[in-house]
Every structure is written in C-alpha cells, then in structure tokens.
Chemist: 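Input: one structure, supplied below.
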There are 2 protein chains.
Amino acid sequence: MQRQTAQRVAIEAVFGAAGRPLGPLEVLDAARERVPSLNLATVYRTLKRMQEEHAIHPVELPGEAPRYELRAAAERHHHHFRCCECDSVYDLKGCVAGLKKLVPSGFRMTDHEIVLYGTCRCCTS
Amino acid sequence: MQRQTAQRVAIEAVFGAAGRPLGPLEVLDAARERVPSLNLATVYRTLKRMQEEHAIHPVELPGEAPRYELRAAAERHHHHFRCCECDSVYDLKGCVAGLKKLVPSGFRMTDHEIVLYGTCRCCTS
DNA sequence: TGGATAATGCGAATGCGTTATCACTGCTCT
DNA sequence: AGAGCAGTGATAACGCATTCGCATTATCCA
C-alpha cells in the first residue's frame, strides 16, 4: 500500500504553494527546501504516480518538456502564459470566442490550445 | 560555395508541393520518391541549412518534434491545425480577437500561439 | 575533361529528458 | 520493538531526435 513519506509530502506541498504548472526541476528545487536530500529520480517517480492517481495533469508547451499542474487547476478549461524572462508558466482564466471560424470546411475541431508569451509581473521592471 | 544537388532540389520541391508544415521524416518519405537513396542525415543537414538561409521556419507544437514550413507561409501571421488521425499539420488563415483580455494585469503579452486539434478533411469519413 | 572540394550515405555518437536497477532507508502494522 | 516491504538515493541505462566523422560521390569551374 501507499506510504506517507517526507519526500512525497514535500512535493505535494510544492504544487499547492506554487499555483502554477511546474517542471520536474522546478519541483526538485522547491521541494529541497524541505527535504534537502531529495533526488530527481524520486521527483519523476512521484510525478508519475500522481499522474496515475490523477492528482496532477501534464501541461505541454511547444518545444518544451512537460510541466504539471494540480487536477483542481486542470478541471477548469484554461490556457497558459509563458514568461520569456524567467521561463515560468502561469494559468490564465477564460478563453476566447471565434476559434470555430478558423477551421477550414471539411475539418472538424475537437480541441484547442492557446499559449500567450511575454513578460510576467515579477519580471516587469 | 553552395552546390545544386538532386537531394536538395528534391527536398525543396517537397516543401513547395506540400503546402503545410513537414517534419524530417515526412520530408524524407516524400523526397525519396525522387531520390530513393536519400538519407535522414542529409534531410537534417538540408533543413538546418535552409533554416540558416531563412528559406524555412520551424513550427513547434506541444509535445512534438519541430516541423518546418516555407518562409512564404511563415510571413503571414497564422496558426495551425493538427489532425489526430493522421498527425498531419495544416496552416490556418487568420487569427482571433480578444486574446488581450486573457492577460492578467501586470503582465505584458508580446506573442501568442494557437493550435486547433481534430480531424482533417482527408480523415473525415 | 579533370581536379578541387562541397555534399552525401552510413553508422556511430551525442544530448536531453526520463526510467530502470539495486542496495539501503525508514514507514507501517502487529 | 521488530519484521516486512514500499520508497529512496545514486548511478547506469534508455529512447528519441539530432548531429558528427569519415570514406565516397558528384558538382562546379578552369
């Protein structure tokens, strides 16, 4: 059965505190503040497990390794903002209308993805 | 100096004929109809060269290796449609209004990307 | 036409993100 | 407290896309 370990607790806490999608290395850095011995392999194992349990959901951006966000965040339809200064990704609220008019005739759209790029609040001088 | 080879001619022709973004393997398959001996390494070398010459431009979709499209296509602002049946990517015309209202206050948007998913005309039964 | 050399084909090698192996650690339950 | 075993850390190995090395081929220009 599943055990409660300091490593897993730390990793879960990191997602709760971040409130935005995180990559494996970001998780490692943040969780090491609580568990300094934490190893990247453990992060990957835990991410995989949490995914199987549907506790987290992958977030893929063009040309980048997957990040992960909590299921709670993933349940509401939303998109992402990627800061080109600090490479962080943020959740956005809402969506846009009018995507259907981009679809050529004879094509059927079942899903869509929107990514905004720019500078986040932290990096705006 | 640069030389005119059957391989390079074939690869350029493939992009002209396709009218949509192509990945290295798609290029290889198509160009082998003209030059059966064509090697994947040569495709990569040629794509790299064409990129340096700005003849083609990379197209990155979430979780996938880059495809490439002709500069002519890349010059007009546009987005892409990815067919989940055949994995082909198509160019779309136009864009949507209202992206700005997704940007949180304090953030500055400089660019954006939109990807539609679904079934293309060829795969619609 | 022939020589210099850019380009090719082939296979090995790289880089990066991710996963497997395995001895050891430390939860959990009795 | 102690046994049993899930979880961990460290490191090797993997898969994949891409690039390199090098002998061979083929283009271009005199």
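Reminder, nothing fancy here: chain letters follow the sequence lines and each chain counts from 1. The model shown is predicted, which means the values in this text are computed figures rather than measured ones.
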Chemist: Would you kindly say whether A/H80 and A/E60 are connected by a side-chain donor-acceptor distance under 3.5 Å?
Modeler: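 No, A/E60 and A/H80 have no side-chain donor paired with an acceptor closer than 3.5 Å.
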Chemist: Are any non-hydrogen side-chain atoms of A/R108 and B/T124 less than 4.5 angstrom apart?
Modeler: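 Yes, their side chains come closer than 4.5 Å.
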Chemist: Quiz question: by atom type and distance under 3.5 Å, do the side chains of A/H79 and B/E113 form a donor-acceptor pair?
Modeler: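 The answer is no; no qualifying pair exists.
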Chemist: Taking atom P of D/dG7 as reference, at what distance in whole Å does atom NZ of A/K48 sit?
Modeler: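 Rounded to whole Å, this separation is 13 Å.
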Chemist: Output the rounded distance in Å from CZ (B/R8) to C1' (D/dT25).
Modeler: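 My rounded result for the distance is 19 Å.
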Chemist: Aromatic contact between A/Y68 and A/F15, with the criterion being ring centroids under 6.0 Å apart: yes or no?
Modeler: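 For A/Y68 and A/F15, the ring centres are not under 6.0 Å apart.
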Chemist: Whole Å only: how far is the CD atom of B/Q4 from the P atom of D/dC28?
Modeler: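 Rounded to whole Å, this separation is 6 Å.
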Chemist: Whole Å only: how far is the CG atom of B/L38 from the C1' atom of D/dA26?
Modeler: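 Going from CG in B/L38 over to C1' in D/dA26 covers 15 Å.
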Chemist: Nearest-Å distance, CD (A/E12) to C1' (D/dG7)?
Modeler: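 Value for this atom pair: 14 Å.
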Chemist: State, without any angle test, whether B/R34 and B/Q7 hold a side-chain donor-acceptor pair at a distance under 3.5 Å.
Modeler: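 Judged by distance alone, the side chains do not pair up.
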Chemist: For A/L38, is there any backbone N or O sitting under 3.5 Å from a side-chain donor or acceptor partner on A/T42?
Modeler: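 Checked: no pair found.
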Chemist: Can you identify which nucleotide, out of D/dA26, D/dG4, D/dG9, has its nearest atom closest to the A/R3 side chain?
Modeler: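 For the A/R3 side chain, the nearest candidate turns out to be D/dG4.
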Chemist: Please figure out whether A/P36 or B/Q2 has its closest DNA chain D nucleotide nearer the 5' end.
Modeler: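 First, find each residue's nearest nucleotide; the 5'-ward one identifies A/P36.
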Chemist: Salt-bridged, A/E26 to A/R32, with N to O below 4.0 Å?
Modeler: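 No, A/E26 and A/R32 are not salt-bridged.
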Chemist: Same cluster or not: A/Y90 versus A/V59, using hydrophobic residues (I, L, V, M, F, W, Y) connected whenever any side-chain heavy atoms lie under 4.5 Å apart?
Modeler: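 The answer is no; the residues belong to distinct hydrophobic clusters.
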Chemist: Quick check on DNA chain C: between B/A41 and B/M1, whose nearest nucleotide comes earlier from the 5' end?
Modeler: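 With B/A41 and B/M1 compared, the 5'-side residue is B/M1.
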Chemist: Out of D/dG9, D/dG7, D/dT18, which nucleotide sits closest to the side chain of A/S37?
Modeler: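 Closest nucleotide to the A/S37 side chain: D/dG9.
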Chemist: Starting at CG of B/L40 and ending at P of D/dT19, how long is that distance when rounded to a whole Å?
Modeler: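 Rounded to the whole Å, the gap is 10 Å.
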Chemist: I need the CZ-C1' distance between B/R45 and D/dT25, as an integer number of Å.
Modeler: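 It is 12 Å, rounded to the nearest whole Å.
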Chemist: Take atom CD of A/E85 as the centre, draw a 6.0 Å sphere, and report whether it contains more than 12 heavy atoms from other residues, nucleotides or ligands.
Modeler: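 Yes, enclosed.
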Chemist: Check whether any side-chain N or O of A/T42 sits under 4.0 Å from OP1 or OP2 of D/dG9, and answer yes or no.
Modeler: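 Answer yes for this pair, as a side-chain N or O of A/T42 is under 4.0 Å from OP1 or OP2.
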Chemist: For DNA chain D, which residues in residues 61-69 of chain B have a heavy atom at a distance below 4.0 Å?
Modeler: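 Heavy-atom cutoff 4.0 Å gives B/A65, B/P66.
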Chemist: Taking only Lys NZ, Arg NE, NH1 and NH2, and the carboxylate oxygens of Asp or Glu, determine whether A/R8 and A/E53 approach each other closer than 4.0 Å.
Modeler: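 Between A/E53 and A/R8 there is a salt bridge, with a charged N closer than 4.0 Å to a carboxylate O.
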Chemist: Hey, could you give me the CZ/NE2 distance between A/R71 and A/H57, rounded to the nearest 0.5 Å?
Modeler: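 Here the interatomic distance stands at 10.5 Å.
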Chemist: D/dA17 P sits how many Å from B/L25 CG, rounded?
Modeler: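 Going from CG in B/L25 over to P in D/dA17 covers 7 Å.
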Chemist: Any side-chain N or O of A/R49 under 4.0 Å from OP1/OP2 of D/dG7?
Modeler: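 Answer is yes, contact under 4.0 Å.
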Chemist: Looking at B/R82 and B/E64, is there a salt bridge between them, counting it only when a charged N and a carboxylate O are closer than 4.0 Å?
Modeler: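 So B/E64 pairs with B/R82 through a salt bridge.
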Chemist: The helix from C/dT1-D/dA30 to C/dT30-D/dA1: angle between its terminal axes, five pairs each, to 10°?
Modeler: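 Computed angle between terminal axes is 40°.
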Chemist: Heavy atoms of chain A, cut-off under 4.0 Å: which first and last nucleotide of DNA chain C, 5' to 3', fall inside that, if you could look?
Modeler: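 Counting from the 5' end, contacts occupy C/dG17 to C/dT28.
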